[in-house]
2 protein chains.
Amino acid sequence: MDAKFKAINDPTRREILHFLVNGPQNAGQIASQFDMSKPSISHHLDLLKQAKLIQADKKGQFIEYKLDKTGFEVIHAWFKTFSTYFEFPKPKIRIEI
Amino acid sequence: MDAKFKAINDPTRREILHFLVNGPQNAGQIASQFDMSKPSISHHLDLLKQAKLIQADKKGQFIEYKLDKTGFEVIHAWFKTFSTYFEFPKPKIRIEI
DNA sequence: TAGATAATTAAGCGAATGTCTAAATTAAAA
DNA sequence: TTTTAATTTAGACATTCGCTTAATTATCTA
(Lines give C-alpha, C1' and ligand atoms only; values in the text may rest on other atoms or scores of the structure.)
Protein backbone atom coordinates (compact mmCIF):
# COMPACT_ATOMS: atom_id res chain seq x y z
CA MET A 1 0.00 0.00 0.00
CA ASP A 2 2.66 2.48 1.05
CA ALA A 3 4.79 1.48 -1.93
CA LYS A 4 2.01 2.40 -4.36
CA PHE A 5 1.40 5.86 -2.96
CA LYS A 6 5.11 6.44 -2.78
CA ALA A 7 5.46 5.37 -6.40
CA ILE A 8 2.88 7.82 -7.73
CA ASN A 9 4.22 10.65 -5.58
CA ASP A 10 7.09 11.40 -7.97
CA PRO A 11 6.38 13.38 -11.19
CA THR A 12 8.92 11.43 -13.25
CA ARG A 13 7.31 8.15 -12.27
CA ARG A 14 3.85 9.48 -13.08
CA GLU A 15 5.15 10.52 -16.48
CA ILE A 16 6.56 7.05 -17.08
CA LEU A 17 3.15 5.58 -16.33
CA HIS A 18 1.58 7.91 -18.86
CA PHE A 19 4.08 6.97 -21.55
CA LEU A 20 3.18 3.33 -21.02
CA VAL A 21 -0.50 3.98 -21.70
CA ASN A 22 0.50 3.99 -25.38
CA GLY A 23 1.96 0.52 -25.10
CA PRO A 24 4.99 -1.35 -23.73
CA GLN A 25 8.47 0.14 -23.99
CA ASN A 26 11.90 -1.09 -22.98
CA ALA A 27 14.03 0.68 -20.40
CA GLY A 28 16.19 2.46 -22.95
CA GLN A 29 13.22 3.85 -24.84
CA ILE A 30 11.73 5.15 -21.62
CA ALA A 31 15.01 6.69 -20.48
CA SER A 32 15.53 8.44 -23.82
CA GLN A 33 12.43 10.52 -23.17
CA PHE A 34 13.86 12.08 -20.04
CA ASP A 35 16.75 14.44 -19.44
CA MET A 36 18.02 12.19 -16.69
CA SER A 37 20.63 9.45 -16.34
CA LYS A 38 19.68 5.85 -17.13
CA PRO A 39 20.44 4.60 -13.63
CA SER A 40 17.94 7.12 -12.24
CA ILE A 41 15.25 5.92 -14.61
CA SER A 42 16.15 2.35 -13.76
CA HIS A 43 15.58 3.14 -10.12
CA HIS A 44 12.21 4.74 -10.87
CA LEU A 45 11.21 1.66 -12.85
CA ASP A 46 12.20 -0.51 -9.92
CA LEU A 47 9.96 1.43 -7.52
CA LEU A 48 7.05 1.26 -9.96
CA LYS A 49 7.61 -2.48 -10.31
CA GLN A 50 7.68 -3.00 -6.54
CA ALA A 51 4.39 -1.13 -6.36
CA LYS A 52 2.99 -3.48 -9.02
CA LEU A 53 2.11 -0.50 -11.20
CA ILE A 54 4.29 -1.88 -14.02
CA GLN A 55 5.49 -5.32 -15.09
CA ALA A 56 8.90 -6.21 -16.51
CA ASP A 57 9.38 -8.73 -19.30
CA LYS A 58 12.90 -9.65 -20.21
CA LYS A 59 13.26 -9.95 -23.98
CA GLY A 60 16.82 -11.01 -24.67
CA GLN A 61 19.07 -8.08 -24.01
CA PHE A 62 16.15 -5.76 -23.44
CA ILE A 63 13.61 -5.41 -20.66
CA GLU A 64 10.15 -4.45 -21.74
CA TYR A 65 7.91 -2.60 -19.32
CA LYS A 66 4.14 -2.32 -19.39
CA LEU A 67 1.40 -1.16 -17.04
CA ASP A 68 0.22 -3.63 -14.40
CA LYS A 69 -3.44 -3.58 -13.49
CA THR A 70 -2.77 -5.08 -10.04
CA GLY A 71 -1.44 -1.93 -8.39
CA PHE A 72 -3.91 0.39 -10.07
CA GLU A 73 -6.83 -1.62 -8.75
CA VAL A 74 -5.56 -1.36 -5.19
CA ILE A 75 -5.27 2.42 -5.42
CA HIS A 76 -8.66 2.60 -7.08
CA ALA A 77 -10.19 0.58 -4.23
CA TRP A 78 -8.68 2.94 -1.65
CA PHE A 79 -10.08 5.85 -3.54
CA LYS A 80 -13.56 4.39 -3.62
CA THR A 81 -13.72 4.33 0.18
CA PHE A 82 -14.44 8.07 -0.08
CA SER A 83 -17.32 7.71 -2.47
CA THR A 84 -19.76 7.48 0.43
CA TYR A 85 -18.77 11.03 1.29
CA PHE A 86 -19.10 12.50 -2.17
CA GLU A 87 -19.78 11.08 -5.60
CA PHE A 88 -17.34 11.76 -8.39
CA PRO A 89 -18.49 12.95 -11.81
CA LYS A 90 -19.54 9.98 -13.91
CA PRO A 91 -19.85 9.71 -17.67
CA LYS A 92 -23.40 10.38 -18.75
CA ILE A 93 -25.27 7.52 -20.33
CA ARG A 94 -28.42 7.67 -22.33
CA ILE A 95 -30.86 4.88 -22.77
CA GLU A 96 -33.29 4.93 -25.67
CA ILE A 97 -36.26 2.63 -25.68
CA MET B 1 -1.02 18.37 -8.45
CA ASP B 2 2.24 17.51 -6.73
CA ALA B 3 0.83 18.70 -3.42
CA LYS B 4 -2.06 16.26 -3.65
CA PHE B 5 0.07 13.21 -4.36
CA LYS B 6 2.47 14.28 -1.66
CA ALA B 7 -0.41 14.66 0.78
CA ILE B 8 -1.75 11.15 0.27
CA ASN B 9 1.73 9.63 0.37
CA ASP B 10 1.86 9.71 4.17
CA PRO B 11 -0.02 6.99 6.15
CA THR B 12 -0.97 9.37 8.97
CA ARG B 13 -2.52 11.81 6.52
CA ARG B 14 -4.42 9.01 4.78
CA GLU B 15 -5.74 7.93 8.16
CA ILE B 16 -6.88 11.47 8.91
CA LEU B 17 -8.80 11.49 5.64
CA HIS B 18 -10.51 8.25 6.61
CA PHE B 19 -11.51 9.59 10.01
CA LEU B 20 -13.16 12.56 8.32
CA VAL B 21 -15.36 10.31 6.18
CA ASN B 22 -17.49 9.97 9.33
CA GLY B 23 -17.96 13.71 9.53
CA PRO B 24 -16.11 16.89 10.50
CA GLN B 25 -13.79 16.96 13.51
CA ASN B 26 -11.74 19.65 15.14
CA ALA B 27 -7.94 19.52 15.36
CA GLY B 28 -7.88 18.29 18.93
CA GLN B 29 -10.27 15.44 18.26
CA ILE B 30 -8.19 14.36 15.29
CA ALA B 31 -4.93 14.59 17.24
CA SER B 32 -6.34 12.56 20.14
CA GLN B 33 -6.66 9.56 17.85
CA PHE B 34 -2.94 9.44 17.13
CA ASP B 35 0.05 8.66 19.30
CA MET B 36 1.77 11.77 18.01
CA SER B 37 2.26 15.36 19.16
CA LYS B 38 -0.33 17.99 18.31
CA PRO B 39 2.11 20.14 16.33
CA SER B 40 2.86 17.16 14.10
CA ILE B 41 -0.83 16.58 13.43
CA SER B 42 -1.27 20.29 12.85
CA HIS B 43 1.41 20.13 10.19
CA HIS B 44 -0.26 17.14 8.53
CA LEU B 45 -3.55 19.03 8.50
CA ASP B 46 -1.82 21.97 6.87
CA LEU B 47 -0.45 19.81 4.05
CA LEU B 48 -3.88 18.24 3.49
CA LYS B 49 -5.40 21.71 3.40
CA GLN B 50 -2.85 22.97 0.88
CA ALA B 51 -3.71 19.98 -1.28
CA LYS B 52 -7.39 20.93 -1.00
CA LEU B 53 -8.20 17.50 0.35
CA ILE B 54 -9.65 19.06 3.51
CA GLN B 55 -11.23 22.39 4.45
CA ALA B 56 -10.80 24.29 7.70
CA ASP B 57 -13.63 26.15 9.42
CA LYS B 58 -12.78 28.25 12.42
CA LYS B 59 -15.45 27.87 15.11
CA GLY B 60 -14.48 30.11 17.99
CA GLN B 61 -11.54 28.60 19.74
CA PHE B 62 -11.72 25.45 17.65
CA ILE B 63 -10.93 24.68 14.05
CA GLU B 64 -13.17 22.17 12.38
CA TYR B 65 -11.83 20.12 9.51
CA LYS B 66 -13.81 18.29 6.84
CA LEU B 67 -13.12 16.60 3.53
CA ASP B 68 -12.87 18.84 0.46
CA LYS B 69 -14.18 17.46 -2.81
CA THR B 70 -11.92 19.75 -4.87
CA GLY B 71 -8.70 17.85 -4.36
CA PHE B 72 -10.27 14.43 -4.61
CA GLU B 73 -11.74 15.26 -8.00
CA VAL B 74 -8.34 16.25 -9.36
CA ILE B 75 -6.78 12.97 -8.27
CA HIS B 76 -9.76 11.09 -9.62
CA ALA B 77 -9.34 12.79 -12.99
CA TRP B 78 -5.67 11.83 -13.13
CA PHE B 79 -6.57 8.29 -12.34
CA LYS B 80 -9.13 8.12 -15.11
CA THR B 81 -6.50 8.85 -17.74
CA PHE B 82 -5.50 5.20 -17.36
CA SER B 83 -8.97 3.84 -17.98
CA THR B 84 -8.25 3.56 -21.71
CA TYR B 85 -5.63 0.99 -20.84
CA PHE B 86 -7.71 -1.10 -18.49
CA GLU B 87 -11.19 -0.78 -17.09
CA PHE B 88 -11.66 -0.87 -13.35
CA PRO B 89 -14.36 -3.00 -11.74
CA LYS B 90 -17.66 -1.15 -11.84
CA PRO B 91 -20.79 -1.68 -9.80
CA LYS B 92 -23.29 -3.80 -11.67
CA ILE B 93 -26.53 -2.15 -12.71
CA ARG B 94 -29.71 -3.79 -13.86
CA ILE B 95 -32.36 -2.23 -16.01
CA GLU B 96 -35.84 -3.67 -16.06
CA ILE B 97 -38.27 -2.66 -18.75
C1' DT C 1 36.10 -15.76 -27.59
C1' DA C 2 36.45 -10.65 -27.49
C1' DG C 3 34.14 -6.54 -27.79
C1' DA C 4 29.98 -3.77 -27.76
C1' DT C 5 25.30 -2.81 -26.01
C1' DA C 6 21.29 -2.80 -22.49
C1' DA C 7 20.38 -2.46 -18.10
C1' DT C 8 21.09 -2.73 -13.13
C1' DT C 9 23.60 -2.26 -8.73
C1' DA C 10 26.62 0.41 -5.64
C1' DA C 11 28.26 4.44 -3.32
C1' DG C 12 27.89 9.17 -2.22
C1' DC C 13 25.71 13.69 -1.65
C1' DG C 14 22.41 17.70 -1.17
C1' DA C 15 17.49 18.51 -0.55
C1' DA C 16 13.08 17.32 1.30
C1' DT C 17 10.26 14.94 4.92
C1' DG C 18 8.40 13.82 9.46
C1' DT C 19 9.00 14.18 14.07
C1' DC C 20 9.86 16.50 18.47
C1' DT C 21 10.01 20.46 22.10
C1' DA C 22 9.47 25.28 22.99
C1' DA C 23 7.35 29.60 21.90
C1' DA C 24 3.59 32.35 20.00
C1' DT C 25 -1.24 33.30 18.85
C1' DT C 26 -6.10 33.36 19.55
C1' DA C 27 -10.35 32.76 22.05
C1' DA C 28 -12.93 31.36 26.12
C1' DA C 29 -13.55 31.37 31.15
C1' DA C 30 -12.82 32.82 35.88
C1' DT D 1 -8.11 41.49 33.37
C1' DT D 2 -5.65 37.34 34.30
C1' DT D 3 -5.57 32.59 33.44
C1' DT D 4 -6.55 28.52 30.90
C1' DA D 5 -7.30 25.97 26.65
C1' DA D 6 -6.93 25.09 21.46
C1' DT D 7 -4.08 25.47 17.87
C1' DT D 8 -0.32 26.92 15.06
C1' DT D 9 4.46 28.53 14.15
C1' DA D 10 9.45 28.14 14.74
C1' DG D 11 13.67 25.75 15.16
C1' DA D 12 16.31 21.56 15.36
C1' DC D 13 17.50 16.87 14.05
C1' DA D 14 17.46 12.09 12.05
C1' DT D 15 15.73 9.70 8.09
C1' DT D 16 14.34 9.24 3.42
C1' DC D 17 14.54 10.61 -1.44
C1' DG D 18 16.24 11.57 -6.01
C1' DC D 19 20.03 12.37 -8.46
C1' DT D 20 24.85 11.58 -10.20
C1' DT D 21 29.07 8.80 -11.67
C1' DA D 22 31.47 4.43 -11.54
C1' DA D 23 31.31 -0.47 -11.52
C1' DT D 24 28.88 -4.84 -12.54
C1' DT D 25 25.93 -8.19 -14.93
C1' DA D 26 23.90 -10.16 -18.91
C1' DT D 27 23.25 -10.63 -23.83
C1' DC D 28 24.21 -10.13 -28.57
C1' DT D 29 27.45 -10.03 -32.54
C1' DA D 30 31.75 -10.11 -35.23
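Side chains are part of it too, since the values below use all heavy atoms of this structure and drop only hydrogens, waters and symmetry mates. Naming convention: chains lettered A, B, ... in sequence-line order (proteins, then strands); numbering from 1 in each chain. This is a predicted model, so every value here is computed, not measured.
For the atom pair CD1 (B/Ile8) and CZ (B/Phe5), the distance works out to 6.0 Å, reported to the nearest 0.5 Å. Atom CZ of B/Phe82 sits about 6.5 Å away from atom CG of A/Leu67, to the nearest 0.5 Å. Put simply, CG on B/Leu17 and CG on B/Leu53 are 6.0 Å apart, with the number rounded to the nearest 0.5 Å. For the atom pair B/His44 NE2 and B/Lys49 NZ, the distance stands at 15.0 Å (nearest 0.5 Å). Rounding to the nearest 0.5 Å places NZ of A/Lys66 at 7.5 Å from CD of A/Glu64. Atom CD of residue A/Gln55 and atom CG of residue A/Leu20 lie 11.5 Å apart, to the nearest 0.5 angstrom.
Remark: A/Arg13 engages no residue in a salt bridge (charged side-chain N to carboxylate O under 4.0 Å, His left out) (not counting sequence neighbours).
Looking at which nucleotide of DNA chain D each of B/Lys38 and A/Asp35 is closest to, the 5′-most match is held by B/Lys38.
Residues B/Asn26 and B/Gln61 have side chains not in contact (no heavy-atom distance under 4.5 Å, counting atoms from C-beta outward). A/Ile16 places a side-chain heavy atom less than 4.5 Å from the side chain of A/Ile30. Within the 4.5 Å cutoff, the side chain of A/Trp78 has no heavy atoms near those of the A/Glu73 side chain.
Residue A/Ser37 has a polar side-chain atom (N or O) positioned under 4.0 Å from OP1 or OP2 of D/dT20. Within the 4.0 Å cut-off from OP1 or OP2 of D/dT8, at least one side-chain nitrogen or oxygen of B/Tyr65 is found.
In the region residues 2-13 of chain A, proximity to DNA chain D at under 4.0 angstrom, judged on heavy atoms, holds for A/Lys6, A/Asp10, A/Thr12, A/Arg13. For the segment residues 40-63 of chain A, the set of residues with a heavy atom within less than 4.0 Å of an atom of DNA chain D comprises A/Ser40, A/His44, A/Lys58, A/Gly60, A/Gln61, in numerical order.
End-to-end axis angle of the helix from C/dT1-D/dA30 to C/dA30-D/dT1, from C1' rotation axes over five pairs per end: 10° (rounded to 10 degrees).
Under the 4.0 Å criterion applied to side-chain N and carboxylate O atoms, A/Asp10 and B/Lys6 are not assigned as salt-bridge partners.
By the 30° and 60° cut-offs, the orientation of the rings of B/Phe79 relative to A/Phe79 is parallel.
Along DNA chain C, the stretch of nucleotides lying under 4.0 Å from any heavy atom of chain B spans, 5' to 3', C/dT17 to C/dA28.
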List the atom pairs, with distances to 0.1 Å, where a side-chain N or O of residues 32-43 of chain B and a protein N or O form a donor-acceptor pair under 3.5 Å, not counting sequence neighbours.
from: B/Ser32; atom 1: OG; to: B/Gln29; atom 2: O; distance (Å): 2.7
from: B/Gln33; atom 1: NE2; to: B/Gln25; atom 2: OE1; distance (Å): 2.8
from: B/Gln33; atom 1: NE2; to: B/Gln29; atom 2: O; distance (Å): 3.1
from: B/Ser37; atom 1: OG; to: B/Ser40; atom 2: N; distance (Å): 3.4
from: B/Ser37; atom 1: OG; to: B/Ser40; atom 2: OG; distance (Å): 3.0

